[in-house]
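Notes to accompany the following structure.
What you see below is based on every heavy atom in this structure, not just the backbone, and it leaves out hydrogens, waters and symmetry mates.
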Amino acid sequence: MSAMSRAIRACGGAASRRNLSVAASKEAPALAAAAAVVAGRKAGQRDPGEDGSRVQWVFLGCPGVGKGTYAGRLSRLLGVPHIATGDLVRDALASQDPLSKQLAEIVNHGKLVSDEIIINLLSKRLEEGEEKGELGFILDGFPRTIRQAEILEGVTDIDLVINLKLREEALLAKCIGRRKCSQCGGNFNVASIDIEGENGAPRMYMPPLLPPPQCESKLITRADDTEEVVKERLRVYHDLCEPVEDFYRARGKLLEFNLPGGIPESWPKLLQALNIEDPDNKRSAAA
């Protein structure tokens, strides 16, 4: 992975391509491998040739769609690190690094962080992972531009790109409803989303994720979770990131998944689309 991090930082490298046809209704090599490792765990056996910790997946989707939630669950299920560029940026914001002031100005106005900054942060994270013996990864928030996708394709072979989709009115309500406990760090959402279906689409209901009593008075809102900033983030995302969807769609690596509702409803259906069995599915969905 050190070669990958160096090449990403250099923003170049010879392309290494492998076509992989992926569809929700058909098995593909990466999906079969993921299912195999889950089944192996269930039987107490693991095949080193079909190790879920070696998957190289990417999550795409609008800000607030839930990339971190679902990528994190798959990370724990498959035993592969979840690398979220949003977390890398937030860690840099919280540091005393001179970069933090520049990042704060960008993030608080709903703008996207530059390729150069993201690439440097990601390269550092990959190098740290290599030192710990990490093999595969699930990327969340990278790539988000064609340039980043080309850089990534030049240095590694992504198995699968999962594109999460959610109706825009639900996205807006979900982002504005986000809250965090300033004491324990827990994440909550006060929005109760109930949207009637249109043109035959089913009704969408996403209940709030309310805090326990001890956190209620300590809730804070992210500075960039205002309606104006969220709408700007969505506009910027569509302008820059939809071409990335087309990039992976043309290579047969894009799995498009429309979230039908909240986690209890969406998680089992996502696993089904990925041909993965979770032995703790009931407990995970209710968590």
* **Non-hydrogen side-chain atoms of I176 and T226 separated by less than 4.5 Å** => no

* For L60, the option from I162, L255, D140, L254 that meets side-chain contact (heavy atoms from CB on, under 4.5 Å) -> L254

* Rounded to the nearest 0.5 Å, how far does SG of C181 lie from CD of Q214? -> 8.0 Å

* Heavy-atom distance under 4.5 Å between the side chains of F247 and E245, does that happen here? -> no

* Would you find a donor on one side and an acceptor on the other, under 3.5 Å apart, between the side chain of S75 and the backbone of A71? -> no

* Go through the steps to decide whether V58 and L152 satisfy the test side chain to side chain contact (heavy atoms under 4.5 Å, CB included), and finish with yes or no. => CA-CA 11 Å; V58 167; L152 190 60; 4.2 Å; yes

* Structure fact -> Which of R251, K253, R54 passes salt bridge (charged side-chain N to carboxylate O under 4.0 Å, His left out) with D157? It is K253

* Asked: Taking atom types as modelled, is there a side-chain donor on D115 or Q148 under 3.5 Å from an acceptor on the other?
  -> yes

* Intermediate values then yes/no, side chain to side chain contact (heavy atoms under 4.5 Å, CB included), W57 and L74 -> CA-CA 10 Å; W57 290 359; L74 283 169; 4.2 Å; yes

* Nearest-0.5 Å distance, CG of residue L122 to CD1 of residue I117 -> 13.5 Å

* **Closest heavy-atom pair and its distance - F257, A273** => CD1-CB, 4.1 Å

* To do: State, with a plain yes or no, whether a side-chain heavy atom of E232 is found less than 4.5 Å away from one of E227.
  => no

* Give a yes or no on this: more than 12 heavy atoms of other residues, nucleotides or ligands lie within 6.0 Å of atom CD of E169. => yes

* Linked, directly or transitively: L93 and I118 (ILVMFWY side chains, under 4.5 Å) -> yes

* Note: E134-R125 ion pair, threshold 4.0 Å (strictly below) -> yes

* Asked: Can you find a pair of side-chain heavy atoms, one from D225 and one from R233, that are under 4.5 Å apart?
  -> yes

* Do NZ/NE/NH1/NH2 and the carboxylate oxygens of E105 and K101 come within less than 4.0 Å? -> no

* Roughly how far apart are Y205 OH and D194 CG, rounded to 0.5 Å? -> 7.0 Å

* **Reported CD1-to-CG distance for the pair I276 and L271, which is rounded to 0.5 angstrom** => 6.0 Å

* To do: Check for a donor-acceptor pair, side chain of S100 on one end and backbone N or O of A92 on the other, with a separation under 3.5 Å.
  => no

* Would you say N120's side chain and E116's backbone share a donor-acceptor pair under 3.5 angstrom? -> yes

* Are any side-chain N or O atoms of D159 and backbone N or O atoms of V55, one a donor and one an acceptor, separated by less than 3.5 Å? -> no

* Asked: Is the number of heavy atoms from other residues, nucleotides or ligands within 6.0 Å of CD (E228) greater than 12?
  -> no

* Please check if I151 and I146 belong to a single hydrophobic cluster, counting links between Ile, Leu, Val, Met, Phe, Trp and Tyr side chain heavy atoms closer than 4.5 Å. => yes

* What pair of heavy atoms forms the shortest contact from E196 to R167, and how long is it? -> O-NH2, 3.1 Å

* **Ion pair check, R147 and E150, cut-off under 4.0 Å** => no

* Structure fact -> Heavy-atom closest pair (D239 atom, P243 atom, distance to 0.1 Å) is O-CD, 3.8 Å

* To do: Examine I106 and I119 and state if one hydrophobic cluster contains both, with Ile, Leu, Val, Met, Phe, Trp and Tyr joined whenever side-chain heavy atoms are less than 4.5 Å apart.
  => yes

* Quick one: does S182's side chain have a donor or acceptor within less than 3.5 Å of a partner on L219's backbone? -> no

* Would you call E265 and K269 a salt bridge, using N to O less than 4.0 angstrom? -> yes

* Asked: Taking K67 for the side chain and C62 for the main chain, is one N or O donor matched with an acceptor at less than 3.5 Å?
  -> yes

* Asked: Should K165 and L259 count as side-chain neighbours, where that means a heavy-atom distance under 4.5 Å?
  -> no

* Asked: In Å and rounded to the nearest 0.5 Å, what is the CG to SG distance from D246 to C241?
  -> 11.5 Å

* Check the pair L121 / D91 against side chain to side chain contact (heavy atoms under 4.5 Å, CB included), numbers first and verdict last. => CA-CA 10 Å; L121 292 174; D91 289 345; over 6 Å; no

* Asked: For S266 and P260, which heavy atoms make the closest approach, and how far apart are they?
  -> OG-CD, 3.1 Å

* Side chains of P63 and L234: does their closest heavy-atom pair fall under 4.5 Å? -> yes

* To do: Answer yes or no: is there a donor N or O on one side and an acceptor on the other, between the side chain of Y70 and the main chain of L164, under 3.5 Å?
  => no

* **Heavy-atom closest pair, residues P143 and Y248** => CG-OH, 3.4 Å

* **Side chains of I158 and F137 in contact at under 4.5 Å (non-hydrogen atoms)** => yes

* Structure fact -> Residues G136 and Q56: closest non-hydrogen pair is CA-CG, 4.5 Å

* To do: Would you indicate whether Q183, at its atom CD, is surrounded by more than 12 heavy atoms from other residues, nucleotides or ligands within a distance under 6.0 Å?
  => no

* Given the rule that I, L, V, M, F, W and Y join up when any side-chain heavy atoms are under 4.5 Å apart, are V230 and L209 in one cluster? -> no

* Kindly indicate, with the supporting measurements, whether the criterion salt bridge (charged side-chain N to carboxylate O under 4.0 Å, His left out) is fulfilled by E128 and K132. => CA-CA 7 Å; E128 292 170 351; K132 295 186 290 186; over 6 Å; no

* Please examine the side chains of L172 and K231, heavy atoms only from C-beta on, and report whether any two atoms are closer than 4.5 Å. => yes

* Could you walk me through whether R179 and T221 pass the side chain to side chain contact (heavy atoms under 4.5 Å, CB included) check? -> CA-CA 5 Å; R179 299 291 186 274; T221 304; 3.4 Å; yes

* Hydrophobic cluster identity match, M206 and V190, side-chain contacts under 4.5 Å -> no

